[in-house]
Amino acid sequence: MTVRTRIAPSPTGDPHLGTAYVALFNYCFARRHGGQFILRIEDTDQERSNRRSEEMILESLRWLGLHWDEGPDVGGPHGPYRQSERAPIYREHVALLLEAGHAFRCFCTPERLEALRQQQRAQNLPLGYDGHCLAIPVDEAERRAAAGEPFVVRMKVPRSGECVVHDCLRGDIVFDYAQVDMQVLLKADGLPTYHLANVVDDHLMGITHIIRGEEWIPSAPKHLLLYSYFGWTAPELCHLPLLRNPDRSKLSKRKNPTSLRFFQRMGYLPEAMLNFLGLMAWSMPDGEEKFTLEEMVRNFDLQRISLGGPVFDMTKLSWLNGRWIRENLDVEEFARRVQAWALNRDYLMAIAPLTQQRVERLSDLGPLTAFFFSGLLDPTPESLVAGKLDAAQIRSAFDAMLARIDAMTVWNRDTVEAELRGVADELGLKLRDMLKPLYVAITGRPAGVPLFDAMAILGKDISRARIRQAREALEAA
RNA sequence: GUCCCCAUCGUCUAACGGUCAGGACACCAGGCUUUCAAUCUGGGAACCCGGGUUCGACUCCCGGUGGGGGCACCA
């Protein structure tokens with residue numbers, strides 16, 4: 001049996017560091033055992049999934065050099081590799097479960113379910129479906145469904161007994177079935193939920209080892225139950241510890257930069273990123289900290305994973321990145337990397353129109369545009385509070401901006417302007433007053449090229465990180 | 001609240017019953033260097049607590065505490 005692993009990102013936002021981390025381990029495990037590594041897009045959430053996000057995720061994983069053997073872009077014998085294109089497959093499988101009595105139609109309204117949850121919460125009961133629609137006779141359920149009444153399909157779960165989940169790192173984990181929810185498998189829109197799609201696809205795609213984040217442990221019993229309902233052998237399960245923020249909570253974009261694009265814009269090398277991710281929860285047998293992807297593959301062993309959730313420490317990443325720059329690039333290659341990073345024609349052409357009118361000598365360009373070629377700026381509190389607003393006002397303005405920026409999917413001059421005007425209105429501030437500290441946060445100086453254009457060019461990730469850093473500078477003051 | 005997972009320097013980790021608990025980042029002090037880096041040398045810094053098991057526990061078991069995650073028609 002050849003080993004097959006997969007990374008299955010959901011295209012609902014920026015390419016996440018955690019995706020790269022899990023992908024790396026899946027990649028290494030598959031390669032180490034001469035197997036295949038598959039990329040599958042989990043876009044069953046019609047509301048949140050979007051193509052742009054999918055493109056960015058693929059782009060970032062390619063940038064890192066984690067090549068997949070099968071995927072939506074390269075195809076393969078088990079396609080399609082995009083779940084939204086597999087709807088008929090899931091419906092067939094749901095029909096199988098329904099027929100075998102392993103699943104049932106549920107006509108409960110979202111309102112009823114919400115009320116149920118509230119009641120359970122109030123009484124400190126475990127949350128979960130109460131089995132209301134289990135009582136509906138099958139022929140009646142079929143009639144109502146045929147008549148066009150909206151419904152979902154839920155899986156049946158034994159009301160007693162226990163389920164043993166074998167995790168290859170933790171050993172056996174025991175759950176009472178009583179605490180496993182009767183999960184929705186097929187949503188009212190006809191698309192499957194993660195739980196169903198994931199099981200069906202992993203089986204059909206021949207996945208032998210599921211290496212995923214620890215957050216999935218609690219739903220493993222549902223997955224195992226589904227495998228047994230279908231009469232399939234379940235893959236090996238291996239749950240990786242979650243990457244953490246410095247405060248030890250699960251790594252999140254609210255607290256830290258998590259977008260792979262951010263790290264790219266910051267000037268980290270893909271080799272160093274991968275190397276550092278390989279240092280998260282894993283170590284080389286000889287303790288060596290600097291290694292290539294190939295070396296990691298050659299030495300990879302799941303048993304060397306440590307289970308405490310690692311804090312992602314950007315300072316150490318920077319040190320490692322420095323080593324890669326110094327030790328692995330000759331001057332020629334270093335120059336090429338820099339050029340590809342920001343001294344390329346596209347980037348310069350975006351900046352040129354903003355600067356031409358503002359220089360008297362070409363040499364004025366340096367100070368005027370330094371912030372375009374920088375990472376984080378580390379502004380002082382004094383420089384930020386130079387305008388009409390006081391520190392507290394600026395802080396809340398920054399908070400409001402960050403909230404809006406997080407929600408933005410389209411990033412350009414006009415959308416940035418619109419959102420920032422929105423923030424000023426929301427806070428009852430004059431745009432001009434609010435923009436002054438923002439200008440310093442983004443460019444590090446009191447004046448220069450137009451702000452909205454600068455933010456558009458810098459991109460969402462760096463812009464957001466600079467605002468967050470400025471906000472923190474004021475906090476400390 | 002409830003279920004589950006986890007627990008070594010501030011951080012990433014090594015150790016898989018017998019080590020003065022090792023390395024790395026960061027920090028501090030020196031050396032080298034025209035500056036700054038880089039680099040070299042040195043330093044401080046950890047086995048969460050309490051019970052067992054054992055001749056012997058960081059290592060195994062139990063309890064506590066602490067941290068984290070899950071509890072959606074999101075993944």
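Throughout, protein chains are lettered first and strands after them, A, B, ... in sequence-line order, and every chain is numbered starting at 1.
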Need one value for [X]: base, sugar-phosphate or nothing, where a base atom within 4.0 Å counts as base even if backbone is also close, heavy atoms only.
X        : result
A/Phe175 : sugar-phosphate
A/Gln179 : sugar-phosphate
A/Cys163 : nothing
A/Ala197 : nothing
A/Ser249 : sugar-phosphate

Examine [X] together with [Y] and report whether their ring centres are nearer than 6.0 Å.
X        : Y        : answer
A/Trp232 : A/His93  : yes
A/Tyr227 : A/His203 : no
A/Phe25  : A/Phe300 : yes
A/Tyr194 : A/Trp216 : yes
A/Tyr21  : A/Phe312 : no

Give a yes/no on whether any side-chain N or O of [X] is located under 4.0 angstrom from OP1 or OP2 of [N].
X        : N     : value
A/Lys316 : B/U13 : no
A/Thr193 : B/C73 : no
A/Thr44  : B/A75 : yes
A/Arg248 : B/C12 : yes
A/Lys187 : B/A75 : yes
A/Lys250 : B/G70 : yes

A/Ser49 and A/Asp45: side chain donor to acceptor below 3.5 Å: no
Any donor-acceptor N or O pair under 3.5 Å, side chains A/Asp247, A/Ser249: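 A donor-acceptor contact under 3.5 Å links the two side chains.
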Pairing partner of [N] (Watson-Crick or G-U wobble, both distances under 3.5 Å):
N     : result
B/C9  : none
B/G1  : B/C71
B/U59 : none
B/A26 : none

Distance in Å, A/Cys28 SG paired with A/Leu293 CG, rounded so as to fall on 0.5 Å steps: 5.5 Å
side-chain contact (heavy atoms from CB on, under 4.5 Å) partner of A/Arg6, the single match among A/Thr208, A/Asn198, A/Val22: A/Asn198
Those residues of residues 146-161 of chain A lying under 4.0 Å from RNA chain B by at least one heavy atom: A/Val152, A/Arg154
Base versus backbone protein contacts along nucleotides 31-48 of chain B [heavy-atom cut-off under 4.0 Å; B, S, -]: -------SS---------
Between [M] and [N], how far apart are the [atom1] atoms? Round to whole Å, please.
N     : M     : atom1 : value
B/G66 : B/C61 : P     : 22 Å
B/U8  : B/A24 : C1'   : 15 Å
B/U39 : B/C58 : P     : 36 Å
B/A46 : B/G10 : C1'   : 10 Å
B/G63 : B/U53 : C1'   : 15 Å
B/G50 : B/A15 : P     : 25 Å
B/C12 : B/C55 : P     : 37 Å

Candidate pair A/Arg261 and A/Asp14, rule salt bridge (charged side-chain N to carboxylate O under 4.0 Å, His left out), full reasoning: CA-CA 8 Å; A/Arg261 293 157 59 85; A/Asp14 295 327; 5.1 Å; no
Side chains of A/Cys238 and A/His209 in contact at under 4.5 Å (non-hydrogen atoms):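 No, too far: nothing below the 4.5 Å cut-off.
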Distances under 3.5 Å between protein N/O atoms and the N/O atoms of nucleotides 5-7 of chain B, please, pair by pair.
| residue | atom | partner | partner atom | Å |
| --- | --- | --- | --- | --- |
| B/C5 | O2' | A/Arg170 | NH1 | 3.1 |
| B/C5 | O2' | A/Glu214 | OE2 | 2.6 |

Between B/C73 (P) and A/Arg105 (CZ): distance, integer Å: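 The distance from CZ of A/Arg105 to P of B/C73 comes to 18 Å, rounded to the nearest Å.
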Distance in angstrom units between A/Arg6 CZ and B/A75 C1', rounded: 11 Å
Check: A/Pro80 main-chain N/O paired with A/Arg86 side-chain donor or acceptor under 3.5 Å: yes
Heavy atoms of other groups near A/Glu332 CD, more than 12 under 6.0 Å: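 Check fails, neighbour count at 12 or below.
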